[in-house]
Structures are given as structure tokens and as C-alpha cells.
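Below: the structure, in C-alpha cells.
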Number of protein chains: 2
Amino acid sequence: MMKKGKMDSSKTLPVTETSAPAGRFAAGADPAKREQIVDGAKRVFMQKGFDAASMNDITREAGVSKGTIYVYFDNKEDLFIAMVERERAAFLAALRTVLKDNENVETGLREFGIKFLEHLTDEKIVNAMRTVLGVRERMPDLCARFFRGPQNLRTVLKDFLTLHVEAGSLEIDDIELASGQFLDLASGSFFKFRLFGTMPEAPPREEIERVIRGAIHVFMAAYGQKKTNSPAE
Amino acid sequence: MMKKGKMDSSKTLPVTETSAPAGRFAAGADPAKREQIVDGAKRVFMQKGFDAASMNDITREAGVSKGTIYVYFDNKEDLFIAMVERERAAFLAALRTVLKDNENVETGLREFGIKFLEHLTDEKIVNAMRTVLGVRERMPDLCARFFRGPQNLRTVLKDFLTLHVEAGSLEIDDIELASGQFLDLASGSFFKFRLFGTMPEAPPREEIERVIRGAIHVFMAAYGQKKTNSPAE
DNA sequence: GGCCAATCGAACCGATCGGTTCGAAATGAT
DNA sequence: ATCATTTCGAACCGATCGGTTCGATTGGCC
């Protein structure tokens, strides 16, 4: 069995091979089969972590033959990386267009904050982060890259805040620091609770809204332009 | 070889056994030997995580015989738990008395925040947290318990803030939320950077001070009692 | 120095690991 | 129905795992 049909692991989904007919792929080139493997692997990796997840476990969970897994992926680590990259891409896609430049500052922060915290406390994301943290020593680049995805949202937020500083509705000396502060306030500790397991379920919508409301209140108290006719406090 | 001398793993250090002379302990009862094992185990567990750390690795690193390890600890998991509990106790001991009740609010928050962030970004703590997170699925109680230690600092902070609300220097509707907000601001994202590896070294003192200064600025803007003769902004 | 017991270190055990091999079964195209 | 190829699933390989055993060595006490 040749491994010639193996795809580049960094690609999420391959384009259809012109040499293979529409309904049948070269060995290792079927996107549905690949997805099936990664799905099964994800469930086992997130349940057991990288080291304790065995390829026999993954074979059973994915419902494919072990030989087939090795047609699609070079080794266990390769499979893990593919899974992590897929999860990261999904997280980013969900948050890509939350902030709109022509938004009112409080409305924008509210929508961004709620969406951000909802995703950050979602079972899938929390599990993914834990799993990735478990391999930090052996795959430090992967771990850092996984986190750099969500971290890029800071740049998005920074651009948003910069616009509003220029428009005069915010007054911020250090936009870098302020962006981080809003993200920290928006996390509302819930992320840490979820990560460490002291909060077994994602917080309900009202709790998320309460935390984001509080975050905006604190943030605007510090950085909002003072209104002379109706004080913020 | 009987395991009769095995100590309760939940004890950090045993009292000297009256049945054993001062210079010689019953099998499994020597605190120095126990410490030697836990030290070696800690280095391996934090480097490799629980699953990938082998008892042979730990044997070599600790410089004891594998048989001796099993005299002191029931199994690998028992050893891991002992190590984690020891690290947790050390973290808590370092932070126990940072907030003093008769402190000025901003001075108190500054000292608490700096100390808190210094510890939270320390290599030892970050490694310990990552390692514990790696076993969250198999030992959820241990993981939650490890985090509950630092989380108890929230209660300490809450008591401090309550005193200052009653003294009139703070105005806070929701003290629970405000406590969490200060802790989140004080973490300053550095904790997450450190955890995920995008910040390889602990931040320098000036950076920590900058972040805590910003945290206090934002916090006091929202909750400090307004002064009519010298505005905060 | 002798005695006793803790520790050492090598060997062992059954089990599992990641990865490989290959004939049989399944599947899609013609 | 036939053919070509992908996938299956069982067996295999060398290596390592956690935990156990036991004669030899070491060290403290008398």
C-alpha cells in the first residue's frame, strides 16, 4: 500500500483530484474519510489527552481501520496537529466579523464581549485548550499558535478602539493595555473557572450579559468621554 | 517487603515516629526520602505531563530505587497527587497575608496585585497549572481543588473591598463581580500568555507594575468615591 | 564488629503502545 | 458481471509501560 495519495496535513480540505473520478478518491484523498478520522480522534484526544489516547482507541472511535488512519496521517502527532488546526480555524471563523467599524462603542463592545465570552466558555473550546495545553512541552509551537488565534482578536479590538479614540468617544493613553483590559474583563473569570473545572457547565446567557455589562461599565468609567449633561455615575 | 510503614499521602510531612529512632525511620517514613522522591517526580511530571512521565524516568530523576518509590506511594497517581498538593500549599502560603485590613485601598490593591501577578506568572506556578490541567479529565477533583486555592484569594479580596465600601472609600453594588474584575485586570493577560507559551519568561517587574497601575486606574474610575477637589481624570 | 532493617538495582511479569503488513472484503466505475 | 483500487481487520513487531520480587548492599544502633 503506497502512501502516495497522502495529503498535506496542513490543508483543511483538499480540492477534488482531477485524476480521480467524482465519486471515488485516491487512497488517502477522500475528504469525508479524513473528516471521519479527525472527528473520532478529536473525541478521544479531548477525553484522554494526547498521551493517554491510543491509536487503538482512535481506530474504534473513528470507525476506520488503523491502516487507513496511517494512509491519511503520518503518525499520531500528525493527526493531533490536524485536529488542533481544524478546531482553531473553527473558533476564529466564528469570531471574525463581530466588530463593525461603524458601531456605537458600547453596542460594539457589548456584542463583541458577549460573543467572545460565549465562545470562550463553550465546551468545545475549553476542551480544545486544555488538550493543547497538555502538549505544550512537546509541541510548544502548536500550543502558542493555537492561542495566537484568539489573541489576534485583540488586534481587531484595538483597531476598533483606535477608531473611537479618533472619533472622540473614547480617551485612551495606552490602547494596547486597554484592549487587553477589556478582554480580561470580558473573560470575567468564567474562562478560568471553565478551564479548571470549577464551573462544569457554560454560564447561562444572563450571567454572560451581566459580566459584559459590568465590564463595559468599568471600561467606560475609565476611558469613556465624560458627558457633562448626564454623568455615567 | 511490607508496606506497613507507608504514610498517609495527604500529609505533607510526618511527625517523627516514636517507635523509630531519631536518625532512622521505618520503611517509607523518612521525610527526607519522601521529599527526594516528590522533587524528582515533580521535575518529570512538569516536563512530560502525567501520562508521558514514566516511573522509570522518575526513578532516575529522583535517584532512588523504583521499589522504594512503591514503599512510599501506592501508585503513580498517588505520587502525582502528593506532588500537586505540595505545590498548591506552597502557592497559598506565599499569598496568605498580602492584604492587610487597615491598608489604604489603592496601596492595598497595588501590593496585592503585584504579589498576585508575580506568583501567577512564575515558572513554577504556570508549569504546575499546565500539568494539572493535563489530568483534568481523569482527576477532575484534583484539578478543581488546585484552582480553588488561588480562587480563595477572591474571598480575601472581597473582604478587603467590603471593609472599604463600609468605610466609604469605595462604592460597589456587586462586590462579587468587582472582586473578580480586579483579579482579571490584575492578571493582565500575562497569565494566559504564560500558560499558552506566547510569553516564554516571567514579565519584568516594571511590566507587572504597569499592568497593576492600569488595573487600579480602571478599577478606581469605576468604583472609587469621587473627590470633588481633585478629579481622578 | 554484629545485627537488623531500609534501600538498591536488576530482573521479571502481563499488558499496552505506535506503527507495519497483507489477504479479504467492499466499493465505484465501466 | 468484471476490474481496479480503497479500506478493512487481524496479526505482527520491537519497545515500553506500571508494578512486583528478591538477593545484595548500605547504614544506623548497640
Side-chain angles (χ1 to χ4, degrees), chain A residues 1-7 14 16-37 40-41 44-45 48-81 135 138, chain B residues 1-7 14 16-37 40-41 44-45 48-81 135 138:
Chain A
M1 187 161 57
M2 293 175 59
K3 298 193 176 179
K4 199 158 173 185
K6 179 156 302 174
M7 300 178 302
T16 308
E17 303 260 5
T18 52
S19 58
R24 190 158 170 87
F25 298 93
D30 179 2
K33 182 69 64 176
R34 191 177 192 277
E35 199 79 356
Q36 180 182 346
I37 297 169
V44 179
F45 281 135
K48 298 194 169 191
F50 179 77
D51 290 306
S54 76
M55 295 304 278
N56 284 337
D57 291 333
I58 290 167
T59 296
R60 275 191 299 270
E61 184 68 35
V64 300
S65 154
K66 202 198 285 194
T68 301
I69 293 182
Y70 283 97
V71 170
Y72 281 82
F73 301 96
D74 281 340
N75 49 46
K76 187 180 180 183
E77 187 168 304
D78 192 26
L79 174 58
F80 184 80
I81 288 167
V135 299
R138 80 172 51 205
Chain B
M1 187 162 56
M2 293 176 58
K3 297 196 177 178
K4 198 158 176 187
K6 180 157 301 177
M7 300 178 299
T16 307
E17 303 261 6
T18 51
S19 59
R24 188 155 170 90
F25 298 93
D30 179 2
K33 182 68 65 176
R34 191 177 191 279
E35 198 79 357
Q36 181 182 344
I37 296 169
V44 179
F45 281 135
K48 298 194 170 194
F50 179 77
D51 291 305
S54 75
M55 295 305 278
N56 284 337
D57 291 334
I58 289 167
T59 296
R60 278 190 298 272
E61 184 69 35
V64 300
S65 154
K66 203 198 282 194
T68 302
I69 294 182
Y70 283 98
V71 168
Y72 281 83
F73 300 95
D74 282 340
N75 50 46
K76 188 181 180 182
E77 186 167 308
D78 192 27
L79 174 57
F80 184 80
I81 287 167
V135 299
R138 83 173 48 207

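Note on naming: letters A, B, ... go to the chains in the order of the sequence lines (proteins, then strands), and numbering restarts at 1 for each one.
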inquiry  = Please report the distance, rounded to the nearest Å, between CD1 in A:I58 and P in C:dT16.
reply    = 17 Å
query = Nearest to the side chain of B:S54 - C:dG18, D:dT7, D:dC17?
reply = D:dC17
Nearest-angstrom distance from the residue atom CZ of B:R60 to C1' of C:dG9 = 13 Å
note = Of the candidates D:dT6, C:dT20, D:dT7, the side chain of A:K66 sits closest to C:dT20
task = Measure from the side-chain heavy atoms of B:A27 and tell me the nearest of D:dC8, C:dA6, C:dC8.
result = C:dA6
inquiry  = Without decimals, in angstroms, what is the distance between B:D30 CG and C:dA6 P?
reply    = 11 Å
request  = Indicate whether OP1 or OP2 belonging to C:dC8 is found under 4.0 Å from a side-chain N or O atom of B:T68.
outcome  = yes
inquiry  = Using modelled atom types and a 3.5 Å cut-off, is there a donor and acceptor pairing between side-chain atoms of B:Q36 and backbone atoms of B:A62?
reply    = yes
Plane angle bin for B:F50 and B:F45 - parallel if under 30°, tilted between 30 and 60°, otherwise perpendicular = parallel
query = Has B:K33 got a side-chain N or O lying under 4.0 Å from the OP1 or OP2 atom of C:dC8?
reply = yes
inquiry  = Can you measure A:E77 atom CD to C:dG19 atom C1' for me and round it to whole angstrom units?
reply    = 14 Å
key: Rounded interatomic separation in angstrom, taking CZ from A:F25 and C1' from D:dT6   = 12 Å
note = B:V64 and B:I69 have their tightest heavy-atom pair at CG2-CG1, 3.5 Å
inquiry  = How many whole angstroms separate atom NZ of B:K48 from atom P of D:dT16?
reply    = 11 Å
inquiry  = Roughly what angle, to 10°, lies between the helix axis at the start of the helix from C:dG1-D:dC30 to C:dT30-D:dA1 and the one at its end, five pairs per end?
reply    = 30°
query = C:dT7 phosphate, OP1 or OP2: any side-chain N/O from B:Y72 under 4.0 angstrom?
reply = yes
query = Looking only at heavy atoms, what is the nearest atom pair of A:D78 and A:N75, with distance?
reply = N-OD1, 2.9 Å
ask   = Between D:dA15 atom C1' and B:M55 atom CE, what is the distance in whole Å?
value = 19 Å
task = Calculate the interatomic distance between A:D51 atom CG and D:dT16 atom C1'; express it in whole Å.
result = 13 Å
inquiry  = Check this for me: does the side-chain of A:R24 come within 3.5 Å of the base of D:dT6 through a donor and an acceptor?
reply    = no
ask   = How would you list, by chain and number, every residue that makes a salt bridge (Lys or Arg N to Asp or Glu O under 4.0 Å) with B:K48, sequence neighbours excluded?
value = B:D57
task = Assign each of A:S65 and A:N56 to its nearest nucleotide of DNA chain C by heavy atoms, then name whichever residue's nucleotide is nearer the 5' end.
result = A:N56
request  = Taking all heavy atoms of B:A53 and all of B:V44, pick out the closest pair and write down the distance.
outcome  = CB-CG1, 3.5 Å
request  = May I ask you to say what A:A52 touches in the nucleic acid, namely base, sugar-phosphate or nothing, with a heavy-atom cut-off under 4.0 Å?
outcome  = nothing
request  = For the pair B:Y72 (side chain) and B:L79 (backbone), establish whether a donor and an acceptor sit closer than 3.5 Å, ignoring hydrogens and angles.
outcome  = no
